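Below is one structure, written out as structure tokens; comments come after it.
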Amino acid sequence: MRLLIMSDTHLPKRAKELPAQLLAELPRADVVFHAGDWVDAATLDLLEERSHRLIGVYGNNDGPDLRARLPEVAHADLGGLRFAVVHETGPAQGRETRCAARYPDTDVLVFGHSHIPWDTTAPTGLRLLNPGSPTDRRRQPRCTYMTAVVTDGFLTDVELHQLVR
């Protein structure tokens with residue numbers, strides 16, 4: 001099962017549209033994750049239309065229209081792994097321990113908010129993934145998103161993709 005993971009698209013404030021490279025990944029993904037800060041409902045509509053399955057949450061910059069359609073935290077069992085998606089996880093220091101305590105029945109936590117890519121594993125085995133942002137790099141050298149594969153209960157081939165804009 002191929003995963004496409006993104007967050008913090010901030011359309012149309014930070015970019016006019018999603019990058020072509022990211023959009024080209026949609027038909028190849030079995031599941032698309034979006035960890036919040038969509039900003040506009042048109043992006044949610046687009047991903048719902050083009051994704052085989054979309055799992056998304058709202059972020060701190062999302063208004064009432066998006067909050068009415070999306071949860072604050074989403075959970076999904078995919079290929080033998082338990083996923084959770086949330087926008088904010090708090091400061092980087094202590095993140096693994098804090099998230100392991102908050103999500104004890106989760107194998108993989110997808111999050112956003114910082115626009116900083118993150119891939120670590122807590123002592124409990126919880127994998128934490130932040131794909132950065134495909135449209136607003138902030139202090140990062142490039143805009144980013146992630147892909148991964150779930151096979152027989154294992155997360156493999158986690159890859160951070162850098163976008164050239």
Side-chain angles (χ1 to χ4, degrees), residues 1 3-11 13-15 18 22 25 29 31-40 43-44 47 51 53-150 153-163:
M1 177 181 314
L3 310 178
L4 174 59
I5 306 167
M6 69 182 84
S7 186
D8 298 283
T9 48
H10 291 272
L11 294 179
K13 293 182 178 188
R14 299 290 186 238
L18 293 175
L22 180 69
E25 294 277 2
V31 180
V32 175
F33 288 97
H34 192 300
D37 273 5
W38 307 71
V39 179
D40 74 338
T43 304
L44 174 57
L47 292 182
S51 301
R53 180 176 179 187
L54 176 64
I55 300 170
V57 297
Y58 66 78
N60 60 299
N61 284 298
D62 294 326
D65 57 337
L66 289 162
R67 289 171 186 249
R69 295 173 61 184
L70 296 163
E72 181 178 10
V73 179
H75 298 273
D77 291 333
L78 302 172
L81 289 176
R82 300 163 300 177
F83 284 80
V85 185
V86 67
H87 185 63
E88 296 187 56
T89 60
Q93 185 173 11
R95 179 175 285 142
E96 288 84 2
T97 303
R98 189 173 53 252
C99 289
R102 284 186 192 157
Y103 303 96
D105 298 324
T106 300
D107 299 307
V108 181
L109 177 65
V110 174
F111 68 98
H113 187 61
S114 68
H115 298 221
I116 299 170
W118 188 278
D119 182 357
T120 59
T121 303
T124 62
L126 173 67
R127 182 88 175 255
L128 293 95
L129 299 175
N130 183 329
S133 171
T135 55
D136 183 10
R137 66 183 180 86
R138 292 212 180 146
R139 296 171 301 278
Q140 300 304 300
R142 301 246 190 261
C143 291
T144 57
Y145 67 93
M146 286 179 169
T147 56
V149 175
V150 175
F154 292 97
L155 187 68
T156 64
D157 303 320
V158 175
E159 185 175 347
L160 180 69
H161 299 268
Q162 296 188 1
L163 294 158

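Along the sequence shown, residues are numbered consecutively beginning with 1. Because the structure is a prediction, the values reported are computed rather than measured.
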Next on the checklist: Classify the ring geometry of H10 against H115: parallel below 30°, tilted from 30° to 60°, perpendicular beyond 60°.
Outcome noted: tilted
V31 vs L78, test: side chain to side chain contact (heavy atoms under 4.5 Å, CB included). Steps then yes/no. CA-CA 9 Å; V31 180; L78 302 172; 4.1 Å; yes
Would you mind reporting whether L129 and I5 have side-chain heavy atoms less than 4.5 Å apart?
yes
To the nearest 0.5 Å, atom OG1 of T106 lies from atom CZ of F83 at 10.5 Å
Donor-acceptor under 3.5 Å (W38 side chain, V57 main chain): yes
Practice prompt. State whether a side-chain donor-acceptor pair under 3.5 Å links N60 with H113.
Written response: yes
Of all heavy-atom pairs linking L3 and L155, the shortest is CD1-CD1, 4.0 Å
Looking only at heavy atoms, the pair that brings D107 and G80 closest together is OD2-O, 4.2 Å
Will you find, in the side chains of S7 and N130, an N or O donor that is under 3.5 Å from an N or O acceptor? no
- request: Check whether any side-chain heavy atom of T120 lies under 4.5 Å from a side-chain heavy atom of R95, and answer yes or no.
  value: no
R82 side-chain N/O to A76 backbone N/O, donor-acceptor pair under 3.5 Å: no
request  = Decide yes or no for L4 and L22: does some side-chain heavy atom of the first lie under 4.5 Å from some side-chain heavy atom of the second?
outcome  = yes
Note to self: Within the structure provided, determine whether L44 and L66 are in side-chain contact (heavy-atom separation under 4.5 Å).
What the structure shows: yes
Minimal heavy-atom distance between A35 and V110, with the atoms involved, is CB-CG1, 4.2 Å
Is there a donor-acceptor contact under 3.5 Å from the side chain of S114 to the main chain of I116?
yes
Between R98 (side chain only) and P91 (backbone N and O only), is there a donor and an acceptor less than 3.5 Å apart? yes
Start with the C-alpha distance between M146 and F33, add both sets of side-chain angles, then the distance that settles side chain to side chain contact (heavy atoms under 4.5 Å, CB included), and finish with yes or no.
CA-CA 10 Å; M146 286 179 169; F33 288 97; over 6 Å; no
Review point. Angle class for the H75/Y103 ring planes (parallel below 30°, perpendicular above 60°, tilted otherwise)?
Key: tilted
Is there a donor-acceptor pair under 3.5 Å between the side chain of T135 and the backbone N or O of T9?
-> yes
* Residue pair T144 / H161, side-chain donor-acceptor N/O under 3.5 Å -> no
Distance col, row K13:NZ vs D136:CG, nearest 0.5 angstrom, shows 12.0 Å
Original post:
Do Y58 and H34 have side-chain heavy atoms sitting under 4.5 Å apart?
Top reply: no
For the backbone of L11 and the side chain of T43, can you confirm whether one donor and one acceptor N or O come within less than 3.5 Å of each other? no
Tightest non-hydrogen contact, residues L81 and G153, listed as CD2-O, 3.1 Å
Using a strict cut-off of less than 4.0 Å between a Lys/Arg side-chain nitrogen and an Asp/Glu carboxylate oxygen, indicate whether D119 and R127 qualify as a salt bridge. yes
| said: Using side-chain heavy atoms (C-beta onward) and a distance below 4.5 Å, is T97 in contact with T124? | reply: no
* Salt bridge or not for R67 and D62, using N-O below 4.0 Å? -> no
Pair L109-L126, side chain to side chain contact (heavy atoms under 4.5 Å, CB included): steps then yes or no:
CA-CA 7 Å; L109 177 65; L126 173 67; 4.1 Å; yes
Show, in sequence, the C-alpha distance, side-chain angles and deciding distance for L18 and L47, and conclude whether the side chain to side chain contact (heavy atoms under 4.5 Å, CB included) test is met.
CA-CA 10 Å; L18 293 175; L47 292 182; 4.2 Å; yes
Any side-chain heavy-atom pair of S133 and R138 under 4.5 Å: no
Given side chains that start at C-beta, do those of V32 and I55 come closer than 4.5 Å, heavy atoms only? no
Residues P71 and G56: closest non-hydrogen pair is CD-O, 3.4 Å
